[in-house]
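One structure is given here, and the rest of the page talks about it.
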2 protein chains.
Amino acid sequence: MVVPTYEEAERKLRKYLALRGLRCTVERLAILKEVLEHKGHPSAEEIALQLSSGPLYVSRATVYRTLDLLVETGLLTCSTLGESHRHYEVHADHHDHLICRSCGRVIEIRSPEMEKLQDRICKENDFETVSHSLEIIGYCSRCRNGDQRENKGD
Amino acid sequence: MVVPTYEEAERKLRKYLALRGLRCTVERLAILKEVLEHKGHPSAEEIALQLSSGPLYVSRATVYRTLDLLVETGLLTCSTLGESHRHYEVHADHHDHLICRSCGRVIEIRSPEMEKLQDRICKENDFETVSHSLEIIGYCSRCRNGDQRENKGD
DNA sequence: GTCCCTGCAAATTTTTTGCAGCCTT
DNA sequence: AAGGCTGCAAAAAATTTGCAGGGAC
């Protein structure tokens, strides 16, 4: 799976909603678009802020409710990245996170082997995956080599 | 690595503290012991509650501060298990979590292959691991087979 | 004796919820 | 027209912080 275009994502969302008699609202589309276009791993707060600079006001309550919904659909995934609040991102090709405790940088890792292995583990446990999140917390190469400058990767 | 005994854990904690000129207090030892003895994946709230039935009162502030510290030392790991607050557990042998979205059950998975793979990924990225957390969210075998009864695994 | 740690209390941050009216279907 | 969805406002839940006194070393 590659990063879906906004069109693909919207199609998938509409389908999910229609199937359950739910409504496709401008707020839901705006939030989906916002996360799709965001580089990095925005929090609910960041999504709300970003939207507030656009033409459509969306309340925090709706942002939270919609992010939950989008995770439900499988369009987004959610992780904490070592912080005390959630971060969201497009559920694109399978990737994992190395999070540096010193500088906060988030390194994305793509590993087909990891993907295969996770698939196998789920199969062995008769478990149907919706989403997954691997976070490895530690110290990145820069920080291990003495470069301590803050360089937040998100 | 296997689950450390309380003695091993205490030794490791004392060493960590001594090295940094920090104090080894009864509160810190009590919290460490509490997590060690807890079956499952307690939250800060649960630790505080549990302690309050013992002889030593420990404030929430101290519970939060100490859990942070214990994660720092590498004695505990922290994950959200799909919820909006943190859960803690002993950093024992490498294992991952399958979390059922329907019944909340947490299935622990041990995979030497996964461990090797994660080690390799870290090495390739010149990344020094402190802790890690793999959460796979989906539907467990029971729930997929129509058994919807609530059966929280913690 | 030094200075780290604790409890307290309050503040902050993050997430959830009830309700009345609006909007999608 | 029906009923899901939104904003509002408030509540709840989770986490952090400043400070004065107590305790570890």
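Worth saying up front: this structure is predicted, and the values here are computed from it rather than measured. Lettering of chains follows the sequences in order, A, B, ..., and the numbering in each one begins at 1.
The aromatic rings of His87(A) and His85(A) lie tilted to each other, with the angle between the two planes from 30° to 60°.
Judged as a salt bridge (Lys or Arg N to Asp or Glu O under 4.0 Å), and not counting sequence neighbours, Glu37(B) has no contacts. Judged as a salt bridge (Lys or Arg N to Asp or Glu O under 4.0 Å), and not counting sequence neighbours, Arg86(B) has no contacts. Considering only residues two or more places apart in sequence or on other chains, Glu124(A) meets the side-chain hydrogen bond (donor to acceptor under 3.5 Å, both in side chains) condition with Arg120(A).
Each of Arg20(A) and Ser84(A) has a nearest nucleotide on DNA chain D; the 5'-most of these lies closest to Arg20(A). Projected onto DNA chain D by closest heavy-atom contact, Val26(B) and Ala44(B) fall at different nucleotides, the more 5' of which corresponds to Ala44(B).
As rounded to whole Å, 18 Å separates atom P of dT12(C) from atom OH of Tyr64(B). Summarising the geometry, the separation between OH on Tyr16(A) and C1' on dG4(D) is reported as 14 Å, rounded to the nearest angstrom. When the C1' atom of dT14(C) is taken as reference, atom CD1 of Ile47(A) falls 15 Å away, rounded to whole Å. His85(B) places its NE2 atom 17 Å from the C1' atom of dT16(D), with the value rounded to the nearest Å. Here the C1' atom of nucleotide dT15(D) and the NE2 atom of His87(B) are 14 Å apart, to the nearest Å. The CG-P distance, from Asp68(A) to dT6(D), rounds to 12 Å in whole Å. The CG atom of Leu29(A) sits 13 Å away from the C1' atom of dC5(D) (whole-angstrom rounding). Following rounding to the nearest Å, Leu19(B) (CG) and dC25(D) (P) show an atom-to-atom distance of 14 Å.
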- Note on the structure: Per-nucleotide protein contact along nucleotides 2-9 of chain C, 5' to 3', at a 4.0 Å heavy-atom cut-off (B base, S sugar-phosphate only, - neither), is -BSSBBB-
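Between its two ends, the helix from dG1(C)-dC25(D) to dT25(C)-dA1(D) turns its axis by 50°, counting five pairs per end and rounding to 10 degrees.
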Cut-off 3.5 Å, no hydrogens considered: what does the side-chain donor-acceptor table look like for residues 127-138 of chain A, sequence neighbours left out?
{"unit_1": "His132(A)", "atom_1": "NE2", "unit_2": "His94(A)", "atom_2": "ND1", "d": "3.3"}
{"unit_1": "Glu135(A)", "atom_1": "OE2", "unit_2": "Thr80(A)", "atom_2": "N", "d": "3.1"}
{"unit_1": "Glu135(A)", "atom_1": "OE2", "unit_2": "Leu81(A)", "atom_2": "N", "d": "3.2"}

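When each of Lys39(B), His95(B), His38(B) is paired with Glu89(B), the side chain to side chain donor-acceptor pair (under 3.5 Å) condition holds for His95(B) and for no other.
Atoms OG and CG, on Ser111(A) and Asp96(A) in that order, are 7.5 Å from each other to the nearest 0.5 Å.
Judged by the 6.0 Å distance and 45° axis criteria, Arg20(A) is positioned over the aromatic ring of Tyr16(A).
With hydrogens and angles left out, the side-chain atoms of His41(A) and Glu83(A) include no donor and acceptor closer than 3.5 Å.
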